[in-house]
There are 2 protein chains.
Amino acid sequence: MFTNVLRYLEPEQLKKIEEIKFPVNFAKGETIFKQGAPLTHIIVINKGLLKVYLEDREQHSIILRLIKSGEIVGGPGFHTDYRHHFSLTALEETEAFFIDVMQFENCLLQNSTFAIKFIAYLNKGHIGLYNKLRVFEHKHMNGRMASTLLYLSEQIYEAEEFETELSRQDIADMSAMTKESSIRLIKNFKDSGIIECNNNHFKLLDKEHLINIMENG
Amino acid sequence: MFTNVLRYLEPEQLKKIEEIKFPVNFAKGETIFKQGAPLTHIIVINKGLLKVYLEDREQHSIILRLIKSGEIVGGPGFHTDYRHHFSLTALEETEAFFIDVMQFENCLLQNSTFAIKFIAYLNKGHIGLYNKLRVFEHKHMNGRMASTLLYLSEQIYEAEEFETELSRQDIADMSAMTKESSIRLIKNFKDSGIIECNNNHFKLLDKEHLINIMENG
DNA sequence: AAATATTATTGATATATCTCAATATTTTTT
DNA sequence: AAAAAATATTGAGATATATCAATAATATTT
């Protein structure tokens, strides 16, 4: 059973989708699709963790969010230019189901209640982007880093202590700064006793403080 | 007749919408709705120019885009929390039609082809936000200012010479910088012969150069 | 027409953050 | 196990941009 927006499909539609979907596996570091490539399939993540990122000029990318198992990935190319507008890369071993985008469109056409649910899903994504914009416009790096750490803890790993596959560069790309700055800020937070951190093991010690930094720092 | 996504409605639906819509006028500077307020109506701009902006902490706002006559404004609160996630303020004398959001929802439910068109419209907005994020992540102010001037010329005023109601603060809020910086950059562009500018009158003299600055500067 | 408020402009200074470069550590390949 | 590659760390220095403050110009109110 799907835990994403597909759960609102009618049983026959769901059956059809189950029939046509096919699995593809990705190793850590492999790319599911690249920004600019044609959008031919909707993707449902069955297992794994991935990063959604915008590729700016060479050397620079912006990580918009991470995707966990259960989530669905479409993209704004749907019914516009049918291209991908971001790239999607596995951070861990990942299993994904591919669903033909035309079959997905049929579901929307045949079931306007589902279409409304899909619109709601798109709107949630839109709200997420507004928040990302707001965070990125924070003048201070501290606030952006605090926001990233809280995001990882609350939204992704759902624990105050976690082990991540993200590199320092990834954390920097999530926080709109250079990798050197991300390293220095993590060190500062550590020295201030707000977090513990050894390599890829993080523990948030003072969430109140982090929230305060995110909002005011 | 509507020039926005509403033109895809069936004739009877269109008639219904025409019946229930009602006009409201706004003077320059007046706010149509505020971020956080309940979303009760979809709005169609009949005449005028408006700014869509995120209110960050006090003193700081981010202008996402401008809205011209003919355009429709919904917002991602639809079918999520039914709140406005941005504020909308008139830059010029504006006439807007208000359409009850529940009637709009009925249109989507009764007409899945329309729902698909609406999804396409939402996706175009999503692509626009990605571009905004990319521009804001430009490290150099020059590139952000060039991008704003090109946006005003190409997307809004559709001319290389234009008179704007935007203040220097507005231009700064569109370009992710302080008003002092926006003033200094406009002066620099003027001194370099890339633009002409007297108060609110702008003329782009060297678009090639501006595009180059936007992409590489 | 004068007074007030708002917006625009300019300059000096402070500082946050990037860049570059060197070294250390970890991971991958041979 | 050694070599190579990739990633992480630290420091010094450069610089883009914000902040603050003072003045000028424009718009609004009285």
Side-chain angles (χ1 to χ4, degrees), chain A residues 27-30 51 56-63 89 91-93 135-148 163-191 195 197-202 213 216-217, chain B residues 27-30 51 56-63 89 91-93 135-148 163-191 195 197-202 213 216-217:
Chain A
K28 177 181 171 177
E30 286 185 332
K51 58 176 174 179
D56 227 2
R57 65 221 84 261
E58 65 260 74
Q59 296 291 353
H60 190 231
S61 60
I62 302 166
I63 296 181
T89 295
L91 292 166
E92 302 173 354
E93 176 107 17
V135 169
F136 275 18
E137 280 312 290
H138 254 255
K139 266 182 294 295
H140 309 289
M141 289 197 300
N142 284 7
R144 304 202 299 272
M145 177 58 75
S147 164
T148 294
E163 198 87 19
T164 184
E165 293 297 318
L166 291 161
S167 69
R168 293 298 191 261
Q169 180 68 63
D170 286 330
I171 292 173
D173 290 343
M174 292 176 79
S175 315
M177 62 184 67
T178 60
K179 67 174 186 308
E180 291 92 338
S181 289
S182 77
I183 288 163
R184 278 186 257 261
L185 283 190
I186 288 167
K187 190 167 147 52
N188 289 354
F189 283 4
K190 201 172 150 183
D191 292 349
I195 64 170
C197 174
N198 296 296
N199 302 320
N200 295 326
H201 185 93
F202 285 80
I213 291 171
N216 309 313
Chain B
K28 177 181 173 177
E30 285 184 332
K51 59 176 174 179
D56 226 3
R57 66 219 85 262
E58 65 259 76
Q59 294 292 352
H60 190 230
S61 60
I62 301 167
I63 296 182
T89 294
L91 292 165
E92 301 172 355
E93 176 105 18
V135 169
F136 275 18
E137 279 312 290
H138 255 254
K139 265 182 293 294
H140 308 291
M141 288 196 302
N142 284 7
R144 305 201 298 271
M145 178 56 76
S147 165
T148 294
E163 199 89 18
T164 185
E165 294 296 320
L166 291 161
S167 69
R168 294 298 191 260
Q169 180 67 64
D170 285 331
I171 293 173
D173 289 343
M174 292 176 80
S175 315
M177 62 185 66
T178 61
K179 67 173 187 307
E180 290 93 338
S181 289
S182 79
I183 288 162
R184 278 186 255 261
L185 283 189
I186 288 167
K187 191 167 147 48
N188 288 354
F189 283 4
K190 201 173 150 184
D191 293 348
I195 64 170
C197 174
N198 296 298
N199 301 320
N200 296 326
H201 184 92
F202 286 80
I213 292 170
N216 310 312

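Naming: A, B, ... by sequence-line order, numbering from 1 per chain.
Remark on DNA chain C: of its neighbouring residues A:His140 and A:Asn200, the 5'-side contact belongs to A:His140, judged by nearest-heavy-atom nucleotide.
Between A:Lys28 and A:Glu93, none of the side-chain N atoms (NZ, or NE/NH1/NH2) sits under 4.0 Å from a carboxylate O, so this pair counts as no salt bridge.
Atom NE2 in B:His201 sits roughly 17 Å away from atom P in C:dA8 (whole-Å rounding). Taking atom CD1 of B:Ile183 as the reference point, atom C1' of D:dA24 lies 12 Å away to the nearest angstrom. The distance from atom CD of B:Gln169 to atom P of D:dA27 is 18 Å, rounded to the nearest whole Å. D:dT7 atom C1' lies 14 Å from atom CG of A:Leu166, rounded to whole Å. For the pair B:Lys179 NZ and D:dT17 C1', the computed distance is 14 Å after rounding to whole Å. One can place NZ of A:Lys28 at 7 Å from P of C:dT28, the figure rounded to the nearest angstrom. B:Ile186 places its CD1 atom 7 Å from the P atom of C:dT9, with the value rounded to the nearest Å. If you take CG of A:Leu185 and C1' of D:dA8, they are 15 Å apart, rounded to a whole angstrom.
An OP1 or OP2 oxygen of C:dC18 is reached within less than 4.0 angstrom by a side-chain nitrogen or oxygen of A:Ser181. Contact between the side-chain N/O atoms of B:Thr178 and the OP1/OP2 oxygens of D:dA18 is found at a separation under 4.0 Å. Distances shorter than 4.0 Å separate none of the side-chain N or O atoms of A:Ser167 from OP1 or OP2 on D:dT7.
Here B:Arg168 contributes atom CZ and B:Leu185 contributes atom CG; the two are 11.5 Å apart, rounded to the nearest 0.5 Å. Atom-to-atom distance recorded for B:Arg144:CZ and B:Glu137:CD is 9.0 Å, nearest 0.5 angstrom.
The side chain of A:Lys187 lies closest to D:dT10, out of D:dT9, D:dT10, C:dA8. Considering only side-chain atoms of A:Asn199, the nucleotide from C:dT26, C:dT17, D:dA18 that sits closest is C:dT26.
Residue side chain A:Arg184 reaches the base of C:dT19 through a donor-acceptor N/O pair under 3.5 Å, judged by distance alone.
With 3.5 Å as the limit, one finds a donor-acceptor pair spanning the side chains of A:Asp173 and A:Ser61.
Here D:dT30 sits opposite C:dA1 as a Watson-Crick or G-U wobble pair (both hydrogen-bonding atom distances under 3.5 Å).
The shortest distance between side-chain heavy atoms of B:Ile186 and B:Met145 falls below 4.5 Å.
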